[in-house]
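The model shown is predicted, which means the values in this text are computed figures rather than measured ones.
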Amino acid sequence: MIKHSPEFLTNKEPNRPTNRISTSLLSRERLAFLLQYGIAYVDEQSGLEKHIMRYPQIFATKAITSKLDEGIRKGIIWHTQGSGKTALAFYNVKHLTDYFQKKSIIPKFYFIVDRLDLLQQAQKEFTARGLIVNTGKSRDEF
């Protein structure tokens with residue numbers, strides 16, 4: 001029934017946003033990437049939840065890898081409030097661990113925050129996703 005509706009016919013045209021995002025996201029390479037690195041099982045109080053990497057997070061992760069391939073070793077990822085910074089950090093730990101292991105490098109990841117409430121939030125989020133989190137309470141511990 002929907003296949004012949006005017007909206008469906010319009011949206012499947014190659015230059016329409018719906019078609020572009022669907023075909024872009026569902027390319028074999030991106031789908032394989034999403035299946036390997038873009039799924040997180042989060043242990044919440046209500047039970048286990050499946051979280052899937054957002055479209056911009058896929059491109060941010062790919063951009064990080066691209067910059068590393070260019071030899072750039074420093075950078076900042078700037079996010080707005082509520083945009084998935086902690087989730088992106090988790091997905092990148094997963095992806096970059098494999099990236100560096102292929103180069104015979106054992107990586108360490110640091111999530112630096114400027115407030116204790118952010119430390120507690122990040123620790124809770126990372127632990128719920130299955131990461132082992134060590135926290136430092138001073139510069140000397142760091």
Check: Which residues satisfy the ring pair (Phe, Tyr, Trp, His ring centres under 6.0 Å) test with H51, sequence neighbours excluded?
Finding: none
Item checked: ring pair (Phe, Tyr, Trp, His ring centres under 6.0 Å) partners for F33, two or more places apart -> Y37, H95
Checklist line | Atom pair OG1/NZ of T61 and K94 - distance to nearest 0.5 Å | finding: 11.0 Å
Item checked: Shortest non-hydrogen contact from I105 toward P107 -> O-CD, 3.3 Å
Next item on the list: Scan for salt bridge (Lys or Arg N to Asp or Glu O under 4.0 Å) pairs involving residues 41-57, sequence neighbours excluded, and state none if there are none.
Entry: none
Item checked: Where at least one partner belongs to residues 72-85, residue pairs that pass salt bridge (Lys or Arg N to Asp or Glu O under 4.0 Å), sequence neighbours excluded -> none
Check: Is V133 linked to L116 within one hydrophobic cluster, defined over Ile, Leu, Val, Met, Phe, Trp and Tyr using a side-chain heavy-atom separation of less than 4.5 Å?
Finding: yes
Item checked: Results of side chain to side chain contact (heavy atoms under 4.5 Å, CB included) for L35 - residues two or more places apart only -> L31, I39
Next item on the list: Output, in order, the C-alpha distance, side-chain angles, deciding distance and verdict of side-chain contact (heavy atoms from CB on, under 4.5 Å) for I77 and L88.
Entry: CA-CA 10 Å; I77 300 169; L88 178 62; 4.0 Å; yes
Next item on the list: Taking only Lys NZ, Arg NE, NH1 and NH2, and the carboxylate oxygens of Asp or Glu, determine whether R16 and E7 approach each other closer than 4.0 Å.
Entry: no
Checklist line | Residue pairs passing the side chain to side chain donor-acceptor pair (under 3.5 Å) test where at least one lies in residues 107-123, sequence neighbours excluded | finding: R115-D117
Beyond-backbone contact of [X] with [Y], side-chain heavy atoms, under 4.5 angstrom:
| X | Y | value |
| --- | --- | --- |
| T97 | I106 | no |
| L34 | R30 | no |
| Q57 | F90 | no |

Neighbour count >12 (heavy atoms, 6.0 Å) for atom [atom1], [X]:
| X | atom1 | result |
| --- | --- | --- |
| D69 | CG | yes |
| K62 | NZ | yes |
| E141 | CD | yes |

Note to self: Quick one: does any side-chain atom of S5 pair with a main-chain N or O of F8 as donor and acceptor, under 3.5 Å?
What the structure shows: yes
Note to self: Strictly distance-based, threshold 3.5 Å: is any side-chain N or O of T127 a donor or acceptor partner for the main-chain N or O of K124?
What the structure shows: no
Note to self: Does L96 form a side-chain contact (heavy atoms from CB on, under 4.5 Å) with L68? I'd like the steps, not just the answer.
What the structure shows: CA-CA 10 Å; L96 292 173; L68 288 170; 3.7 Å; yes
Check: So, Y99 versus N92: side-chain donor-acceptor pair below 3.5 Å or not?
Finding: no
Notebook entry, point to check: Do the two ring centres, one from F126 and one from F111, sit under 6.0 Å apart?
Noted result: yes
